[in-house]
Amino acid sequence: MNRVRLLVFNAALGPLDYRVPEGMAVAPGAVVAAPLGPRQIIGIVWEEERLPTEPVADERLRPLAGVLPVPPLSARLRRLIEWTADYYCAPLAAVARMVLASGGALRGPATVTEYRLTGGAPERMTPQRERAIAALEGEQGTMRELSSIARVSEGVLRGLVAQGVLEPVAVDCDRPYPRAQADHAPPVLSEGQAEVAARLVKAVRAAAFAPILLDGVTGSGKTETYFEAVAEALRSGRQVLVLLPEIALTQAFLGRFAQRFGVAPVVWHSAIKSTERRRAWRAIASGEAQVVVGARSALFLPYARLGLIVVDEAHEISFKQDEGVRYNARDVAVMRARFEEVPVVLASATPALESLHMADIGTYQRLVLPARYGAAELPGIDLVDLTVEKPLPGRWLAPRLAEGLAERLERGEQSLLFLNRRGYAPLTLCRHCGYRFQCPHCSAWLVEHRLSQRLSCHHCGHETRVPETCPECGEADALVACGPGVERIADEVAEILPEARTALVTSDTLNAPDKAAAFIAEAEARAIDIIIGTQLVTKGFHFPELTLVGVVDADLGLEGGDLRAAERTWQQVAQVAGRAGRGEKPGEVLIQTRHPDAAVIIALAANDRDAFYAAETEARRRAGAPPFGRWAAIIVSSEDEAEAREAARRIGAARPEQADLAIYGPAPAPMALLRGRYRHRLLINARRSASLQDAIRSWLADVPLPRGVRVGVDIDPYSFV
Ligand SMILES: [Zn+2]
Ligand SMILES: [Zn+2]
């Protein structure tokens, strides 16, 4: 009797056994359809011994319905799924679901009908039709996609099809991608770059696991260098995965890639169209997709012939996923490379302390690109002590920084102001009664956005219009904005330098790839004098005329629930400082601070990276923090405040007594209310030797909890809110 065990995507079910019907060939890793009650479910065939469950008698087994037309998941990928679930205390099915990230792809080859404008006009023009036609210029997509782009109903679009204004196009879902050419346009590398590139190429040829830290200051040409490793993988017919931290960055990256290899790579992130997602998934699984550039979710795709993984800007916090499966894509990338037996390159100008430590103890190979490429020198850095050099009342830029902007404007050079805070003001209050606008679903102030005239919560997305009168006391014109966001800085620049052409760069303004591309084009054409932005501007951009960078508030990163606050401040400011002086002209960086004596600020001013890392390493060693010890967080939440508190208390009472684990809490989380759920948390500090995950699993398994309570485990947490 031929039977198989399936991993299925239903959290309430364990593994299920099925009978393989006569004549059906089923390999481990195969994606199959199986009956469950009256429905059909999808499952992955798994090794029985690795997925223990209660045995079911042969005669009670139902037959599999069929094998889906996709290649079976490789043993290497199955081991990665197991490792990820085990390490992050996550359900196996939740991890496996990230692999099967396109439902359409599982149905096999197909064509879809997309629509595009014909250039014709409808017999009768209505405002909706007019709007749709304007919005759909140059677009092609399914009815649903076009309806969301044009913000009109599908009915309106069907009307336009009937009128011949939109025409259907049959699209082959699996049409091949244009081929990247390894030797399309080889670059001229500096001596240092060529040396590092040769080591990377060698690692690709060796086709063995090799974790490499590519450590190079901003502007040292890391991308050109690892592109040579990409070229080597292309020559040997193997696939490459490049992980990038921000979708907004991909546009600039795609341009550089196309220049080097002749075509754009295959792109993967949450915002791609479902047809593109399906096409990419199938090409990745067949091995036809040569180079995939994507957000962290691209890490779990079923590459057929992976030859190299690159994690660019590897220190970035956005590689950490804080919902669902709480994993760190940088760390999982290293594990994937280990299972696939390929090199993995972590590229950064400001590596995470954990990565540097791995290089120091010899686990990672470290390749250094010290010099800036070409003539450019590192910028001079100066502190502006805001307690001494005070901005004028109601302003946020100190006189010296304002003068610096004026000088650059006069000379026709560009400046950049960095403040990592979206919106106009982080807090709005009533000057009459003291009322503060707070999110009804979260412990957070509502942030005023003047561009959209709204107050919005940056945690749950709750939005409301800015009212005319105070909702508490009814007083008119009594609302005051407290503190600056980037929009307010842009207003200040417009006041002091009305003739300057400015650009506001935040996720609110650069929310689509074409907007990012338009901004880059304008900045490069010198149509922008002053760029004002959030952390989006700290990396990826290369503007030769940019000679002044102003950090509006270097202390901001030191506040809040970030467990690596000092490191994050160092990274952000060092990255944004790296935007200055990338051309022929020298750059200058002014850092505004109220804490000029803080170790991280002193190290920044001295541009002394080694001093910063040495101080931070010592602080972490003393605190038993990563990489010297480990952290985990347990977050207990419920819509009912008392229920959440009681559940956290019960979990706290059941804590294991282990000498190598220190457990703090339970306590209300700093974000005590998030998206309508009350939150309590416990923090665990473990010695490196402790079997942390096993301890947490057996601890939580013993505590029965009501249905409304959710318990999340965050291994190696970044944020502590
Ligand atoms: Zn009031
Ligand atoms: Zn909220």
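The figures here come from the full heavy-atom set of this structure, side chains too, leaving out hydrogens, waters and symmetry mates. Indexing begins at 1, ligand by ligand and atom by atom, following the structure's order. The first residue in the sequence is number 1, and the count goes up from there.
Note on R697 versus D86: salt bridge recorded, some NZ/NE/NH1/NH2 to OD/OE distance being below 4.0 Å.
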Side chains of residues 478-486: which donor-acceptor pairs under 3.5 Å do they make with residues two or more places apart or in other chains?
none

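If you look at F319 and Y327, their ring centroids are not closer than 6.0 Å.
When the side chain to side chain donor-acceptor pair (under 3.5 Å) test is applied to Y87, the partners found at least two apart in sequence or on another chain are R630, D716.
At least one side-chain heavy atom of Q592 sits under 4.5 Å from a side-chain heavy atom of L401.
Ring geometry for W570 against F612 counts as parallel: the plane angle stays under 30°, on a 0 to 90° scale with 60° as the upper cut.
A side-chain donor-acceptor contact under 3.5 Å links T593 and D555. Between the side chains of Q575 and H315, at least one donor N or O lies within less than 3.5 Å of an accepting N or O.
Near-neighbour remark for the Zn ion (ligand 1): protein N, O or S atoms under 2.8 Å are C430 SG, C433 SG, C470 SG, C473 SG; waters not counted. Around the Zn ion (ligand 2), protein N, O or S atoms at less than 2.8 Å comprise C439 SG, C442 SG, C457 SG, C460 SG.
Just one residue in the list V703, I651, V636 forms a side chain to side chain contact (heavy atoms under 4.5 Å, CB included) with V709, and that residue is V636.
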